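Okay, structure first, notes after.
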Amino acid sequence: MKQAEFDDKGSCVRWTEAAGTDPARVYVHGLGAASTVYHAHIAARPELAGRRTLFVDLPGHGISDRPADFGYTLEDHADALAAALDAAGVSGAELVAHSMGGAVAIVLAHRRPDLASRLVLVEANLDPYPPGSTGSTGSTGSTGSTGSSGIASYEEADFVENGGHARVLEKVGPLWAATMRLADPRALHRTATGLKHGTNPTMRRLLEALTVERVYLQGESSGELPGREALEDAGVRVVTVPGAGHNIMFDDPDAFAAVVAGTL
């Protein structure tokens, strides 16, 4: 396990790493998740072997620290991820990022273009939740997506101290709850709220403006990707995975690994 400080109080973002050749491949998890749980079975596949591989847990999640006074905005998470990559001596990485982690990867590539050479975005959140929304649906409209947790519909105190966290864990079901319960409730709420607010310009506009190779995976069961044509016009390759939902790495690991390997 390795670590790097991401604030001025000594809080650390942590990751596990497999040795291999550069450019490094960096896996970034979604809200209430952990990188190894969602991606280790993909990285271990023969077609992806031999590359230096990092599994980073964002602040407040998994094995990383969870300071109570941290903002947990998308920009904050991107800066923490940058601190990890800088400490690891990584540049020009391939970022494989799921859901909320995809939004973080987009922000990172915008703020630190030296750190990213390719983005593989798996149903990444591209837009703030609609005005007036309580976060009942995700930005891609997919079941199991970040917005479907309902976390951002709570005030922070109600979520952290008055039972909101427990209600959400029950709502999302045992699979997502298995990793969500490992995340700090305050960090979870602030991250979900930051995702609801998005960035300015939006993550979608940042993605369209990037010049690195960009691939966006959409599960067929999640419905059509809003704004697909404009993304493709901007050079983003959109791949719809038949029969898959939001968690494409579990629903169709063969297709997921093929896209990461560049053979699909």
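The first residue of the sequence shown is numbered 1, and numbering continues consecutively from there. Just so we're clear, the structure is a prediction, and the values are computed from it rather than from any experiment.
Look at Asp86 and Arg112 and you find a salt bridge, because one of the NZ, NE, NH1 or NH2 atoms lies within 4.0 Å of a carboxylate O, short of that distance. Looking at Arg205 and Glu208, a side-chain N of the basic residue comes within less than 4.0 Å of a carboxylate O on the acidic one, giving a salt bridge.
Atoms CD1 and CG, on Ile106 and Leu121 in that order, are 5.0 Å from each other to the nearest 0.5 Å. Separating the CD1 atom in Ile42 from the CD atom in Glu47 is a distance of 8.5 Å, to the nearest 0.5 Å. To the nearest 0.5 Å, the span separating CZ on Arg111 from CG on Leu74 amounts to 10.0 Å. Expressed to the nearest 0.5 Å, how far CD of Gln218 lies from CG of Leu225 amounts to 5.0 Å.
Every residue two or more places apart in sequence or in another chain that forms a ring pair (Phe, Tyr, Trp, His ring centres under 6.0 Å) with Tyr27 is listed here: His39, Phe55. For the side chain to side chain contact (heavy atoms under 4.5 Å, CB included) test, residues two or more places apart in sequence or in another chain that qualify with Ala258 are Thr263, Leu264.
With hydrogens and angles ignored, the 3.5 Å screen pairs a side-chain donor or acceptor of His61 with a backbone N or O of Gly32. Not one N or O on the side chain of Asp184 forms a donor-acceptor pair closer than 3.5 Å with the backbone of Gly60. Distance alone, capped at 3.5 Å, is enough to place a donor-acceptor pair between the Ser35 side chain and the Val56 backbone. Thr179 places a side-chain N or O within donor-acceptor distance of the main-chain N or O of Trp176, the cut-off being under 3.5 Å. Counting only distance, with no hydrogens or angles, the side chain of His165 and the backbone of Gly163 share no donor-acceptor pair below 3.5 Å. Side-chain atoms of Thr202 do not come within 3.5 Å of backbone N or O of Pro128 as any donor-acceptor pair. Side-chain N or O atoms of Glu123 include one that pairs as donor or acceptor with a backbone N or O of Gly219 at under 3.5 Å. In this structure, the side chain of Arg52 does not engage the main chain of Val90 through any donor-acceptor pair within 3.5 Å. Between the side chain of His29 and the backbone N or O of Asp57 there is no donor-acceptor pair closer than 3.5 Å. A donor-acceptor distance shorter than 3.5 angstrom exists from the side chain of Ser64 to the backbone of Arg14, with no hydrogens or angles considered.
More than 12 heavy atoms of other residues, nucleotides or ligands shown are found within 6.0 angstrom of CZ on Arg51. Within a 6.0 Å radius of CD in Glu155, other residues, nucleotides and ligands contribute 12 heavy atoms or fewer.
Phe6 and Phe70 have perpendicular rings, their planes meeting at more than 60° on a 0 to 90° scale where under 30° would count as parallel. Aromatic ring pairs are classed by plane angle as parallel below 30°, tilted from 30° to 60° and perpendicular above 60°; the pair His189 and Phe159 is tilted.
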Could you walk me through whether Leu195 and Tyr129 satisfy the side-chain contact (heavy atoms from CB on, under 4.5 Å) test, starting with their C-alpha distance in whole Å, then the side-chain angles of each, then the deciding distance to 0.1 Å, before giving a yes or no?
CA-CA 8 Å; Leu195 186 60; Tyr129 300 168; 4.0 Å; yes

Should Asn247 and His98 be marked as a side-chain contact (heavy atoms from CB on, under 4.5 Å) after you check the CA-CA gap, both sets of side-chain angles, and the distance that decides it?
CA-CA 8 Å; Asn247 295 324; His98 180 224; 3.0 Å; yes

Could you go step by step and tell me if Ile151 and Met180 meet the side-chain contact (heavy atoms from CB on, under 4.5 Å) rule?
CA-CA 11 Å; Ile151 294 172; Met180 188 180 288; 4.3 Å; yes

Report the C-alpha separation of Phe250 and His41 in whole Å, then their side-chain angles, then the decisive distance to 0.1 Å, and conclude whether the ring-ring contact (aromatic ring centres under 6.0 Å, His included) test is met.
CA-CA 9 Å; Phe250 297 138; His41 67 295; 5.3 Å; yes

Salt bridge (Lys or Arg N to Asp or Glu O under 4.0 Å) between Asp69 and Lys9, worked out
CA-CA 10 Å; Asp69 57 352; Lys9 298 177 177 61; 3.2 Å; yes

Is there a side-chain contact (heavy atoms from CB on, under 4.5 Å) between Val259 and Ile248? Walk through the geometry before answering.
CA-CA 11 Å; Val259 171; Ile248 300 172; over 6 Å; no

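In this structure, Phe256 and Val241 have side chains that are not in contact, with every pair of non-hydrogen atoms separated by 4.5 Å or more. In this structure the side chain of Glu94 reaches within 4.5 angstrom of the side chain of Val260, judged on heavy atoms. For the pair Arg237/Val215, a side-chain contact is recorded, criterion being any heavy-atom separation below 4.5 Å from C-beta on. In this structure, the side chains of Glu213 and Ser117 stay at 4.5 Å or more apart for every pair of heavy atoms. A 4.5 Å side-chain heavy-atom check between Asp7 and Asp65 finds every atom pair outside the cut-off. Contact annotation: the side chain of Val107 never approaches that of Leu81 to less than 4.5 Å [non-hydrogen atoms, C-beta and beyond]. Between Leu188 and Val168 there is no side-chain heavy-atom pair separated by less than 4.5 Å. At a threshold of 4.5 Å between non-hydrogen side-chain atoms, the residues Met100 and Leu58 count as touching.
Of the options Leu115, Val26, Asp79, a side chain to side chain contact (heavy atoms under 4.5 Å, CB included) to Leu108 is made by Leu115 and by none of the others.
Residues Asn125 and Met203 come closest through the heavy atom pair O-CE, 3.5 Å. Across Ser149 and Leu31, no two heavy atoms sit closer than the pair OG-CD2, 4.1 Å. Across every non-hydrogen atom of Ala88 and Trp15, the tightest pair is CB-CZ2, 3.8 Å. When every heavy atom of Ser99 is checked against every heavy atom of Gly30, the shortest pair comes out as CB-CA, 4.3 Å. Residues Glu5 and Cys12 approach most closely at CG-SG, 3.9 Å, considering heavy atoms.
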